[in-house]
Every structure is written in structure tokens, then in C-alpha cells.
K.L.:
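After the C-alpha cells below, expect a handful of questions from me.
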Amino acid sequence: MADQQLTSLVEQMTLEEKIAQLIQLAVPFFEGAQESGQITGPMESLGITDEIVSNAGSVLGLAGAEEVIAVQEAHMRKNRLKIPLLLMADIVHGFKTIFPVPLAMGSSWDPVLAERSAEIAAREAAVSGLHVTFAPMVDLVRDPRWGRVMESTGEDPYLNSEFARAFVRGFQGDDLSGDVNRLAACVKHFAAYGAGEGGRDYNTVDMSERQLREYYLPAYKAALDEGVEMVMTAFNTVDGIPATGNKRLMRDLLRREWGFDGVLISDWGAVKELIPHGVAEDEAEAALRAIEAGVDIEMMTSSYVHHLPQMVRDGRVDESLIDEAVLRILSLKKRLGLFERPARGADPQAEREIVFCEEHRQAAREAAGKSCVLLKNDSLLPLRDGQRVALIGPFAASGDILGPWSWTGAKEDAVTLEQGLRSKLPSGALTVAEGCSVSAMTDQQLEEAMETAKQADVIVLALGEDSEMSGEAGSRGFITLPQPQLELIRHLKTLDKPMAAVLFNGRPLDLHGVLDEADAVLEAWFPGSEGGAAIASLLTGEINPSGRLSMSFPYSVGQVPVYYNHYNTGRPKGAPDAQVRYVSQYLDIPNEPLLPFGFGLSYTEFEYGNMELSAEEMSSEQPLEIKVSVTNAGDMAGEEVVQLYVRDCSGEVVRPVRELKAFRKVLLQPGERQEIAFTLTEEQLRYHHSDLSFTSDAGEFDLMVGRNSRDTEIRRFRLRK
């Protein structure tokens, strides 16, 4: 269908038909769905008629090839102009084969791996009938109290941008029209959703435009540059106006400045939420503000269909705004090939063969292994042959390791840590006890755990948060492990046996009571369907931990937000002339996080040679070449993440103490030495000045290369303009 045909189609539509294309409804509204007619609770209050449903543009949360085909066929029979439905869902870190949560994928520092995970998720979802995924979420995050940090790849704009590109490539591929095994991606949440005050979900965001552009916008722009088809609005305010009704953000920045002409969708109910936000008096005004801001699809509220028709007739809304929104939606349907193939990739037979197949599970296992981060190891791991192992904790045999946004995954399909270890250890070498639940302990549980541990040579603790303790609406004011788990550690510590802790969680935690008590700590995050198998391979030394933190772990919740690329202040702690008291510091805790951005240990040792620079000056015509040798000085093959940071020593506005500019993940055999080369260009030194111009400053810069954001070698160079 040519663009002219799409325009002609819009011209044939009545006003009500056009506006119905702008609503997204849940599965129960549609004939052919298993849940059809089960319209209860808030859905009843939407006032949705059969006519609206027959002309609706998209469905939320429908999956399963046979059901999708039935719904689409029923819809095509009812729709006057035979316009197919768009089927959308949150395929965030896997469809049925669940991969590690995005924060874990960020800790892999491996965008190629992330791209592969998205490709597999798209393949399973597409054969099950879906067209669009609400991913990737690229919100920059600095506050681990926020539950949705698990859905981001971390605190750094450069690293987030690299993963944003990778996820979009994986979901969409090179030919979305021809490749029915791919999905249209929807980047979210535009903009700055990760900066909610107090780490509280849906909360206010207030920052300067320079701060917004410098740190929070780059990853969204990277997704757009990669060709992402859709953008989702954020729940939060931006400069005092909720994003969903923010014309300056959506029309001026997203569409005019950045040139985005794809589909813009609200988050769930966000159009109507303009009323409690306090910028709309009623649903009619909410609809007006959202359509004027450029929101094409209203998700799960009905302000558009109930109020825009009359507002157009009254002249309050220009019908051209409706037409352009409809045309964008129809254009996406065209690019997905839905007019020719309304069922697109939905195929019940292929669905049975592809979804959760062994190839996909192996990929999920590899991703889980590369996403785990070894935080501590006092010569305990890997486990040695002949050791009797006591596996104790609420996650020892739990399948609740998939994490939030794994709605099509099944906990019963997950490989538990017990299953993984039993497959690696000799018969009789493993005993298991729960010890406590996630948030409670009985005397019987504790007694059983103590008796089990007494018979073992080494204790492996399986601890963490359940999946309801993070994700959307999962903000926490205290981010330690629940008290019963800390008590379990203290009791087991009295046995004076070597103890390793494996952590399952969706955020950086305050690890006091864990890091100081255990001899080894492995951060496993929510590792997905094959998590237990991957972790067992790590614990037994079959694979070597290679993950590095993409988000700092705080010393205390009192520090947050805590992040590596902070400003120095005029009275920095630790400066050569710093006073004892009158500097920027806490009196009772350190300024520094417990574990820094980029941190992670290995079972081998990596030694860095001296850094070499091609010159002491650089310019836009003459980039700087940096070389550093890295040697595997241990006796086990391993991967090191070599990280390059820069500091602008004197900018027009204050600059961070360091900023990640490049990284290389390199596999080294025992004794192997490799020379790692980076090229630093003048463009990489640019930033947003006080007038928002994006330029660099002549002058001195510090260049830092090392194993994390804290442990680096520093050299100075000068930029000549």
C-alpha cells in the first residue's frame, strides 16, 4: 500500500473512525480473545461501545498465535475499511525464554549479547502474533530506591546509549517490513522518568534543560538514530508539565528538533492522569493537551474517543492533528505488512517449535552467565572438588528468578539454583534448606538450616528480593535485604564455615550484613529462565565471572542518588588543601559508594601496563590514540572490561570528575597479553554549555584507563582549538 493509498484511506474514514484508531484497549474488549467480555473494574468505566472496538487501532497484551489470528479475523470482519489491529505488549527481557533483566544485561557490558537477546525475544513474540514491544526502556537511573532501575541498563548515558542501539537493532532488524520474525520497538519513557524525586515511581522530575540534554536524553536519541519506530511518553513532569501533555517536549524537541515522525503512545492511563497532575480540568482538556502535544495513541483511557469528535466539530481541535496521528499509525501498520498479512508472523505450528526452544535457552544461559557480577571473593570461589555444599536461603529452590516484566515466562520453567548445582556436583554433595522465606523466618526453618550447614564444608546462601519488591510500583525506602535474611546470615556465621552469598534482586542493594559477613558474594540479579544453570557454572568455575556493575552500589541509602560521574564541588573531600570539617561530606558515612560503577571481580588476575598516548595535544583534525596492555596473570581464561574515562579539567560549566567514553571487553587466555587501543576524538569531548550549544573547550583534560571508574591510571593531555 503506497503512501498515497494511505492518505486516500484516511480521507475515506469518518471522524469517529479516525479517532478510534487512536485508542489502545486491553484484550477483554475483543471478540475472539479467551478473555473476551470479561470487562470489569476500571475497564467498565471507560464507556467503550462496540462501534469503538470495531474501529480501535491497537490491542494491549494479547499473545498466542491461535488467539491472535482469531481476534484479527473477527476484527477484520467488523471493520468497515478492513484496517487491521496493531498488537502490542511489554516484551522487555524475553517472551517465553526469559533473559536477565536489563540492569543485568547492562552489567554484561556486551551490546552484541543484548542485541541477540532482543532478536530472540522478537522471534518468539512475533511467531506468537505480536507486532510491537514496549522496549527498550533507556531511562538513566541514579536512585536504586526506584523499582524500575531493573528495567534500565544503568547510570551512564554513553553505556545506556550503546545498549539502546543494540536492543533496537535486535528487536527490529534490518527489514521490518519483510522480516516477520521482528517487532517494532518502542523506546520509553520520554523523558527523564528515571529521575523521579525520592526514587518514587510516577513522581515529579525537575531539572535544568542542560542537565536533561547532557545526561537523560542521549539514550533516547541513540534509539531514534537506530530507527526505533515508536516512543512512549513518561508519567512524570518535565519542567513543570507532565510529559504526556508537554508540547515543548514532544512537538518541539522530539518531532521538530530530532525529526521523529513515528508513533507516539502514552503510557497506561497517562492522558487522563493530566487531571490529577493538575494541568487539565477534565477529560476533554486532557485530550486537548495530549493531542496538541503530538500523542498519537491513548493507552487504556478513553478521553480521545469521547471528547475529540465534538472538539473537532466545535473548532477547538484542528482535524489535521487527528489526520496526522492516524496517518502515522497506518504507516506503521503498512511497514509491518499488516494490510497484506493481518496475522503477520502468527503461526501456531512454528510457535510450538520456536518458543522456549533449546537454542534460545542456551542463549539465555550465556546471557545470565555474563551478566552476573562477582562482588567479593576471599579465595572461596570457585567451589572445589570434593566439598560438601549446603545450599540455604529462600531462593535455593525458587523459580522466582525471572524478575518483573516476564509476564509470558513461567516460574515453573525456570532452572533453579538447586537444579543447577545438582547437575554440576556429585551425588550426595549438595544438601538444601530454605532457612527463611524472603521476609519471614520460623524457628523450624532456622533449626533446619543450621543442621544442614553443620554437615557441610561450605555454605552457599541464595538470598534476595522477590519479584514484587522491584519493577513498576516497586520503590523501596530501605534497600537492605529483608531482616530475616540478615538474621539467617548472622546465625550461620557462628558456625565459622566458609560462606558464599548469591543475590537475586532487581536493584543495587545496601549490602551491609552481607558483604562484610560472607567470604564471597555473587550478584546474580534476576537472571531469567536459565539462571540456576548459569550460576551453578559460575560457582563451580566452569565459567569465569565477567560482569561489571552498570550502576553504583551505595554505602547507605542516605547517599542516594549516588553515581560515579558527579561534580567535584568547590570544597571537595580529599583535596590536598581540604579542611577536616568544612568540605562536602557526611559526618557518619563515606561520600563514595560501597562498590563503584564498572566494578567486578574475576577468578583470574588482570595486570595493566603503562598507558601510552600518541601525543600530549589533540585537535579536531588530530585525534588522540591511547594504548594500554592488559595481561591475564592468572591460570584461568577470563574476560576483562577495559574502561576509558575523561575529565574536562576546566569547562565553561562544571564538568563531572570523570565520564565514560569507551570500553573494550576482551577475552584473555592464561598468560596472554593484549594491547588495547582507543581513539579519542574532539567530538567525544563536547558537552552542552550554558547556552545549550554542544561544543568542546580548549584546555587540559585528564584521561583515565582502568578496570572500573575508581581504579584507573591517569594521564593529562590538552585539546587545541
K.L.:
Are Glu713 and Val705 side-chain neighbours, meaning at least one heavy-atom pair lies under 4.5 Å?
P.N.:
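Answer no - side chains too far apart.
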
K.L.:
Look at the aromatic rings of Tyr645 and Phe597 and report parallel, tilted or perpendicular, splitting at 30° and 60°.
P.N.:
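Judged by the thresholds at 30° and 60°, the geometry between Tyr645 and Phe597 is perpendicular.
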
K.L.:
Atom CZ of Phe134 and atom CE of Met88: how far apart are they, to the nearest 0.5 Å?
P.N.:
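Taking CZ in Phe134 and CE in Met88, the distance rounds to 5.5 Å.
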
K.L.:
Within the side chain of Thr679, is there an N or O that forms a donor-acceptor pair under 3.5 Å with the backbone of Glu625?
P.N.:
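No, the answer is negative, given that no donor and acceptor are paired below the 3.5 Å cut-off.
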
K.L.:
Do Asp267 side-chain atoms and Ala270 backbone N/O form a donor-acceptor pair below 3.5 Å?
P.N.:
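Looks like no, no N/O pair under 3.5 Å.
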
K.L.:
When you measure from the side chain of Arg548 to the backbone N and O of Ser546, does any donor-acceptor pair fall under 3.5 Å?
P.N.:
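Present.
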
K.L.:
So, taking the atom named CG in Leu680 and the one named CE in Met618, what distance separates them when rounded to the nearest 0.5 Å?
P.N.:
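Here the rounded value is 5.0 Å.
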
K.L.:
More than 12 heavy atoms of other residues, nucleotides or ligands under 6.0 Å from CD of Glu257: is that the case?
P.N.:
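Count over threshold, so yes.
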
K.L.:
Testing the 3.5 Å rule here: is there a donor-acceptor pair between the side chains of His189 and Asn236?
P.N.:
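Side chains of His189 and Asn236: no pair found under 3.5 Å.
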
K.L.:
How far does CD1 of Ile241 sit from CE of Met250, to the nearest 0.5 angstrom?
P.N.:
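Reported value, rounded in 0.5 Å steps: 11.0 Å.
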
K.L.:
Looking at Gln172 and Gly227, would you say the former's side chain and the latter's main chain have a donor-acceptor pair under 3.5 Å?
P.N.:
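Yes; at least one donor-acceptor contact below 3.5 Å.
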
K.L.:
Under 4.5 Å between any side-chain heavy atoms of Met137 and Ser152, yes or no?
P.N.:
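Side chain of Met137 against side chain of Ser152, heavy atoms only: contact under 4.5 Å found.
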
K.L.:
To the nearest 0.5 Å, what is the distance between CE (Met105) and CD (Glu151)?
P.N.:
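Reported value, rounded in 0.5 Å steps: 14.0 Å.
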
K.L.:
Cationic tip of Arg142 within the cone over Tyr215's six-membered ring, i.e. under 6.0 Å and within 45° of the normal?
P.N.:
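Checked: cation-pi criterion met.
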
K.L.:
List the atom of Val228, the atom of Val187, and the distance in Å for their closest heavy-atom pair.
P.N.:
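Shortest heavy-atom contact: CG2-N, 3.8 Å.
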
K.L.:
Between the side chains of Tyr158 and Gln684, does any donor sit under 3.5 Å from an acceptor?
P.N.:
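Judged by distance alone, the side chains do not pair up.
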
K.L.:
Give a yes-or-no answer on whether the side chains of Tyr563 and Asp156 include a donor-acceptor pair shorter than 3.5 Å.
P.N.:
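No, no side-chain donor-acceptor pair sits under 3.5 Å.
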
K.L.:
Run through Tyr216, Tyr220, Trp146 and flag the one making a side-chain hydrogen bond (donor to acceptor under 3.5 Å, both in side chains) with Asp139.
P.N.:
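With Asp139 as partner, side-chain hydrogen bond (donor to acceptor under 3.5 Å, both in side chains) holds for just one option, Tyr220.
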
K.L.:
Using a 4.5 Å cut-off on heavy atoms from C-beta on, say whether the side chain of Val646 contacts that of Glu659.
P.N.:
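The answer is no, as the side chains (C-beta and beyond) never meet within the 4.5 Å cut-off.
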
K.L.:
Look at the side chain of Arg647 and the backbone N and O of Asp702, then say whether any donor-acceptor pair between them is shorter than 3.5 Å.
P.N.:
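No.
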
K.L.:
Is Leu503 close to Leu511 at the side-chain level, that is, under 4.5 Å between some pair of heavy atoms?
P.N.:
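Yes, side chains in contact.
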
K.L.:
Salt-bridged, Glu209 to Arg248, with N to O below 4.0 Å?
P.N.:
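Salt bridge between Glu209 and Arg248, a charged N being under 4.0 Å from a carboxylate O: yes.
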
K.L.:
So, Asn591 versus Tyr555: side-chain donor-acceptor pair below 3.5 Å or not?
P.N.:
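Absent: no donor and acceptor within the cut-off.
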
K.L.:
Does any donor atom in the side chain of Ser629 or Glu675 lie under 3.5 Å from an acceptor atom in the other side chain?
P.N.:
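No, because no side-chain N or O of Ser629 sits under 3.5 Å from a partner of the opposite role on Glu675.
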
K.L.:
Looking at every non-hydrogen atom in both residues, tell me the closest pair between Trp525 and Ser107 and how far apart they are.
P.N.:
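For Trp525 versus Ser107, the nearest heavy atoms are CZ2-OG, 3.6 Å.
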
K.L.:
Examine the side chains of Glu197 and Thr204 and answer whether a donor and an acceptor come within less than 3.5 Å of each other.
P.N.:
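No donor-acceptor contact under 3.5 Å links the two side chains.
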
K.L.:
Do Ser602 and Glu640 meet the criterion of a side-chain donor-acceptor pair at a distance under 3.5 Å?
P.N.:
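Short answer, no.
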
K.L.:
Within a strict 4.5 Å, meaning less than it, do heavy atoms of the Arg213 and Leu253 side chains meet?
P.N.:
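Result yes, sub-4.5 Å side-chain heavy-atom pair found.
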
K.L.:
What are the two closest heavy atoms between Leu613 and Phe717, and how far apart are they?
P.N.:
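Where Leu613 meets Phe717 most closely, the heavy atoms are CD1-CB, 4.4 Å.
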
K.L.:
Ignoring hydrogens and angles, state whether a donor on the side chain of Thr153 or Asn160 is under 3.5 Å from an acceptor on the partner side chain.
P.N.:
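Side-chain D/A pair, Thr153 to Asn160: present.
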
K.L.:
Other residues, nucleotides and ligands only: do more than 12 of their heavy atoms fall within 6.0 Å of CZ on Arg716?
P.N.:
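Yes.
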
K.L.:
When you look at CD of Gln211, are more than 12 heavy atoms from neighbouring residues, nucleotides or ligands closer to it than 6.0 Å?
P.N.:
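Correct, the count exceeds 12.
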
K.L.:
Is there a side-chain contact between Phe190 and Thr233 in this structure, where contact means two heavy atoms from C-beta onward sitting under 4.5 Å apart?
P.N.:
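They are not in side-chain contact.
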
K.L.:
Taking the side chain from Ser371 and the backbone from Ala367, do they hold a donor-acceptor pair closer than 3.5 Å?
P.N.:
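Between the backbone of Ala367 and the side chain of Ser371 there is a qualifying donor-acceptor contact (under 3.5 Å).
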
K.L.:
Show your reasoning for whether side chain to side chain contact (heavy atoms under 4.5 Å, CB included) applies to Lys247 and Arg255.
P.N.:
CA-CA 10 Å; Lys247 187 175 180 180; Arg255 294 213 185 274; over 6 Å; no

K.L.:
Looking only at the side chains, is there a donor atom on one of Glu119 and Asn181 sitting less than 3.5 Å from an acceptor on the other?
P.N.:
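No pair is found: no donor N or O on one side chain lies under 3.5 Å from an acceptor on the other.
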
K.L.:
Is the side chain of Thr681 donor-acceptor paired with the backbone N or O of Pro623 at a distance under 3.5 Å, no angle test?
P.N.:
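Not at all, since once roles are kept as given, no pair shorter than 3.5 Å links the two residues.
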
K.L.:
Please report the shortest heavy-atom distance between Ala293 and Gly245, naming the atom on each side.
P.N.:
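Scanning both residues, the minimum pair turns out to be CB-C, 3.8 Å.
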
K.L.:
Is a donor from one side chain sitting under 3.5 angstrom from an acceptor on the other, for Ser108 and Lys665?
P.N.:
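Checked: Ser108/Lys665 side chains show no N/O donor-acceptor pair below 3.5 Å.
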
K.L.:
Between OG of Ser406 and CD1 of Ile91, what distance do you get to the nearest 0.5 Å?
P.N.:
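Those atoms lie 10.5 Å apart.
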
K.L.:
Counting only heavy atoms not in Asp174, do more than 12 fall under 6.0 Å of its CG?
P.N.:
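No, CG of Asp174 has 12 or fewer neighbouring heavy atoms, counting only those of other groups under 6.0 Å.
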
K.L.:
For Ser620, which of Glu683, Lys721, Glu682 qualifies under side-chain contact (heavy atoms from CB on, under 4.5 Å)?
P.N.:
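Answer after filtering Glu683, Lys721, Glu682: Glu682.
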
K.L.:
Does a donor on one side chain sit under 3.5 Å from an acceptor on the other, for Tyr564 and His566?
P.N.:
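No.
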
K.L.:
Report yes or no: does Arg658 contribute a side-chain atom to a donor-acceptor pair with the main-chain N or O of Leu703 at less than 3.5 Å?
P.N.:
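No: the side chain of Arg658 does not pair with the backbone of Leu703.
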
K.L.:
Within the structure provided, determine whether Ser470 and Asn505 are in side-chain contact (heavy-atom separation under 4.5 Å).
P.N.:
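No - every pair of side-chain heavy atoms lies 4.5 Å or more apart.
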
K.L.:
Using only atom types and a distance under 3.5 Å, with no angle test, would you say the side chain of Ser177 pairs donor to acceptor with the backbone of Arg335?
P.N.:
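At least one qualifying donor-acceptor pair exists.
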
K.L.:
So, Arg116 and Glu366, do they make that salt bridge, N to O below 4.0 Å?
P.N.:
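No.
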
K.L.:
How long is the span from the CD atom in Glu592 to the CD atom in Gln559, to the nearest 0.5 Å?
P.N.:
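CD of Gln559 is found 8.0 Å from CD of Glu592.
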
K.L.:
Could you list the residues that satisfy side chain to side chain donor-acceptor pair (under 3.5 Å) with Asn632, not counting sequence neighbours?
P.N.:
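Partners of Asn632 under the side chain to side chain donor-acceptor pair (under 3.5 Å) test: Thr604.
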
K.L.:
Going by the rule salt bridge (charged side-chain N to carboxylate O under 4.0 Å, His left out), which residues pair with Arg720 if we only count those two or more places apart in sequence or in a different chain?
P.N.:
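Arg720 satisfies salt bridge (charged side-chain N to carboxylate O under 4.0 Å, His left out) with Glu617 once adjacent residues are dropped.
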
K.L.:
In the structure I gave you, are the side-chain heavy atoms of Val138 and Phe163 within less than 4.5 Å of one another anywhere?
P.N.:
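No - every pair of side-chain heavy atoms lies 4.5 Å or more apart.
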
K.L.:
Is Glu639 salt-bridged to Lys370, cutoff N-O under 4.0 Å?
P.N.:
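Judged by the 4.0 Å cut-off on N to carboxylate O distance, Glu639 and Lys370 do form a salt bridge.
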
K.L.:
Which heavy atom in Gly403 sits nearest to a heavy atom in Val101, and how many Å separate them?
P.N.:
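So the minimum-distance heavy-atom pair works out to CA-CG1, 4.3 Å.
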
K.L.:
Please report the closest heavy-atom contact between Ala243 and Leu249, naming both atoms and the distance.
P.N.:
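Heavy-atom minimum between the residues: CB-CD2, 4.0 Å.
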
K.L.:
For Leu538, does its backbone N or O pair with a side-chain atom of Tyr603 as donor and acceptor, under 3.5 Å?
P.N.:
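Present.
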
K.L.:
Classify the side-chain pair Glu472/Tyr202 by whether it contains a donor and acceptor separated by less than 3.5 Å.
P.N.:
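Yes, Tyr202 and Glu472 have a side-chain donor paired with an acceptor closer than 3.5 Å.
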
K.L.:
What residues form a ring-ring contact (aromatic ring centres under 6.0 Å, His included) with Phe606, not counting sequence neighbours?
P.N.:
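With neighbours one apart ignored, the set is empty.
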
K.L.:
Mind running side chain to side chain contact (heavy atoms under 4.5 Å, CB included) on Leu103 and Ser550 for me, showing each step along the way?
P.N.:
CA-CA 7 Å; Leu103 187 61; Ser550 62; 3.7 Å; yes

